[in-house]
Amino acid sequence: MAKGQGSQAEKMPKAAQEARLTEIERVALDGLGDLRDLEAVAERAQTFLGRNGEMNRALEHLVDLPREERAEVGRRANEVKGRLEHAFAAQREAIEARLLEGHLREEAVDVSLPGRPIGRGRVHPANRTLRQIADIWAEMGFAIYLSREVETDEFNFGLLNMPPHHPARDQWDTFYTTDPQVLLRTHTSPGQIHVMRQRAPAPIRVVLPGMCYRYEQVTARSEIQFNQVEGLAVGQRITFADLKGTLTAFARRLFGAQVATRFRAAHFPFTEPSAEMDIECFVCGGVGCVVCKGTGWLEVLGCGMVHPTVLANGGYDPTRFSGFAFGMGPERLTMLKHRIEDIRYFWGNDLRFLEQF
Ligand code: DAH
């Protein structure tokens, strides 16, 4: 299409101007229905109806015509313009409708689809054993007493008959806070002092479950944190026979009614006498195997008669009161039960391990 020069020399006659409008309309509408996006439609509208578009340029020639003809061509031009505006708008709407339909189809929600299953967590194997142990003791009349994990040196060691520089402290190195007198408990035994001071002179039957900490090389057999379940019975005329009978009853509930127990002499500063309780190896039945290292027995817990000094520190007169105490490790028991060879699995956070329980 020629550019409108508007020069006097090349006046454009009415017929030519009308033909040009017809041509503009034809080209503008040609293939309009095939345009697939709004930008293309906008571009075409700009080309024909924009300020410097074809229509406006065609109208620059109106001045070439006498008045009546000018009005006639002007009317024609407005008709074309109206039809083009209408056609562009219609195509825009068609495209928008198609886009909307596409979105609706893409984002459709199938309400009949079953929900995605939510992975349920489960109780950690060490906690499972801990709860099992606590349940057995509860059945046997022992209340659960929760004691603090952050302790003083005095409660963790001193009041348990381990004064400063006592050689037994070497067995239980721990993590200290900025205050050297405040530390993470190495065992649940300091809880014994807390219960006794709270209950004295009333009789006591409690178990104290909870987390303990030790500053140790982490190996397949030792971790820097682990659970313990402590037990304490204090009263009058409690004897070593009560200790043996009670702990054997416990072992039978945990490991089975037939299980045999034995008590070996041991040493703990807070009990006198002290012992360790073994059960007959449930893997080989006492014959000897890799699990019991050929001995036929598995060590289950430490125990003893509460030391008179500890009774006195708890507020009980050792000439009138006696008691027994014990301590066991749920992780160790879980390892025995499931033949887990490495204690590090408990804190490894490996789902392949955890999901087996
Ligand atoms: N506290 C001891 C430890 O961590 C375990 C223990 C042994 C607790 C004998 C007791 C006990 O109450 O009587 O190794």
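Formation of a donor-acceptor pair under 3.5 Å by the R92 side chain with backbone atoms of L38 is not found in this model. Under a 3.5 Å cut-off, the side chain of S322 and the backbone N or O of I238 do form a donor-acceptor pair. Distance alone, capped at 3.5 Å, places no donor-acceptor pair between the R264 side chain and the E299 backbone. Distance alone, capped at 3.5 Å, is enough to place a donor-acceptor pair between the D242 side chain and the T239 backbone. With hydrogens and angles ignored, the 3.5 Å screen pairs a side-chain donor or acceptor of H166 with a backbone N or O of A168. At distances below 3.5 Å, at least one donor-acceptor pair connects side-chain atoms of W347 with backbone N or O atoms of Q225. In this structure a side-chain-to-backbone donor-acceptor pair under 3.5 Å is present from R185 to R148.
Applying the salt bridge (charged side-chain N to carboxylate O under 4.0 Å, His left out) rule to E18 yields the partners K14; only residues at least two apart in sequence or on another chain are considered. Remark: D135 pairs with no residue by the side chain to side chain contact (heavy atoms under 4.5 Å, CB included) rule, at least two apart or across chains. Residues passing the side chain to side chain contact (heavy atoms under 4.5 Å, CB included) test with V283 are C281, C289, V291, R339, sequence neighbours excluded.
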For residues 155-165, tabulate all N or O donor-acceptor pairs below 3.5 Å that involve a side-chain atom, not counting sequence neighbours.
from: N156; atom 1: OD1; to: T186; atom 2: N; distance (Å): 3.1
from: N156; atom 1: ND2; to: T186; atom 2: OG1; distance (Å): 3.1
from: N161; atom 1: ND2; to: P269; atom 2: O; distance (Å): 2.9
from: N161; atom 1: ND2; to: H307; atom 2: NE2; distance (Å): 3.3

Sequence neighbours left out, cut at 3.5 Å: what donor-acceptor pairs do the side chains of residues 24-35 make with other protein atoms?
from: E25; atom 1: OE1; to: R83; atom 2: NH2; distance (Å): 2.9
from: E25; atom 1: OE2; to: R83; atom 2: NE; distance (Å): 2.7
from: R26; atom 1: NE; to: E23; atom 2: OE1; distance (Å): 3.3
from: R26; atom 1: NH2; to: E23; atom 2: OE2; distance (Å): 3.1

Under 3.5 Å, which donor-acceptor pairs link side chains of residues 197-212 to any protein atom two or more places apart or in another chain?
from: R197; atom 1: NE; to: N313; atom 2: O; distance (Å): 2.9
from: R197; atom 1: NH2; to: N313; atom 2: O; distance (Å): 3.2
from: Q198; atom 1: OE1; to: Y145; atom 2: OH; distance (Å): 3.4
from: Q198; atom 1: NE2; to: Y145; atom 2: OH; distance (Å): 3.3

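Using a 3.5 Å distance cut-off with no hydrogens or angles, the side chains of T22 and R76 do pair a donor with an acceptor. In this structure, a donor-acceptor pair under 3.5 Å is absent between the side chains of T152 and Q181. H194 and E151 share a side-chain donor-acceptor pair at under 3.5 Å.
Within 6.0 Å of the CD atom in E341, the count of heavy atoms belonging to other residues, nucleotides or ligands does not exceed 12. More than 12 heavy atoms of other residues, nucleotides or ligands shown are found within 6.0 angstrom of CZ on R262. Within a 6.0 Å radius of CZ in R131, other residues, nucleotides and ligands contribute 12 heavy atoms or fewer. Atom CZ of R128 is surrounded by 12 or fewer heavy atoms from other residues, nucleotides or ligands within 6.0 Å. Annotation for Y215: atom OH does not count as buried by contact number, only 12 or fewer foreign heavy atoms lying within 6.0 Å.
Considering all non-hydrogen atoms of both residues, P330 and V229 come closest at CG-CG2, 4.0 Å. When all heavy atoms are compared, the tightest approach of P180 to T178 is CD-O, 3.4 Å.
The aromatic rings of F88 and F48 sit tilted, their planes meeting at an angle between 30° and 60°. Taking the six-membered ring where the residue is Trp, H124 and F346 present tilted rings, their angle falling between 30° and 60°. Ring geometry for Y316 against F321 counts as perpendicular: the plane angle is over 60°, on a 0 to 90° scale with 30° as the lower cut.
A 4.5 Å side-chain heavy-atom check between L254 and L333 finds at least one atom pair inside the cut-off. Put simply, the side chain of E54 reaches to within 4.5 Å of the side chain of R20, judged on heavy atoms. Side-chain contact between F282 and V259 is absent, with no heavy atoms from C-beta onward closer than 4.5 Å. With contacts defined as side-chain heavy-atom distances shorter than 4.5 Å, the pair Q46/E43 does not qualify.
Linking ILVMFWY residues whenever their side-chain heavy atoms come closer than 4.5 Å, directly or via other members, leaves F250 and W297 in distinct clusters.
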The test is ring-ring contact (aromatic ring centres under 6.0 Å, His included); show your working for F268 and H187 and say whether it passes.
CA-CA 12 Å; F268 299 102; H187 49 179; 9.3 Å; no
Is there a salt bridge (Lys or Arg N to Asp or Glu O under 4.0 Å) between E72 and R75? Walk through the geometry before answering.
CA-CA 5 Å; E72 230 176 285; R75 211 176 308 118; 5.9 Å; no
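The aromatic ring centroids of F175 and Y213 lie 6.0 Å or more from each other.
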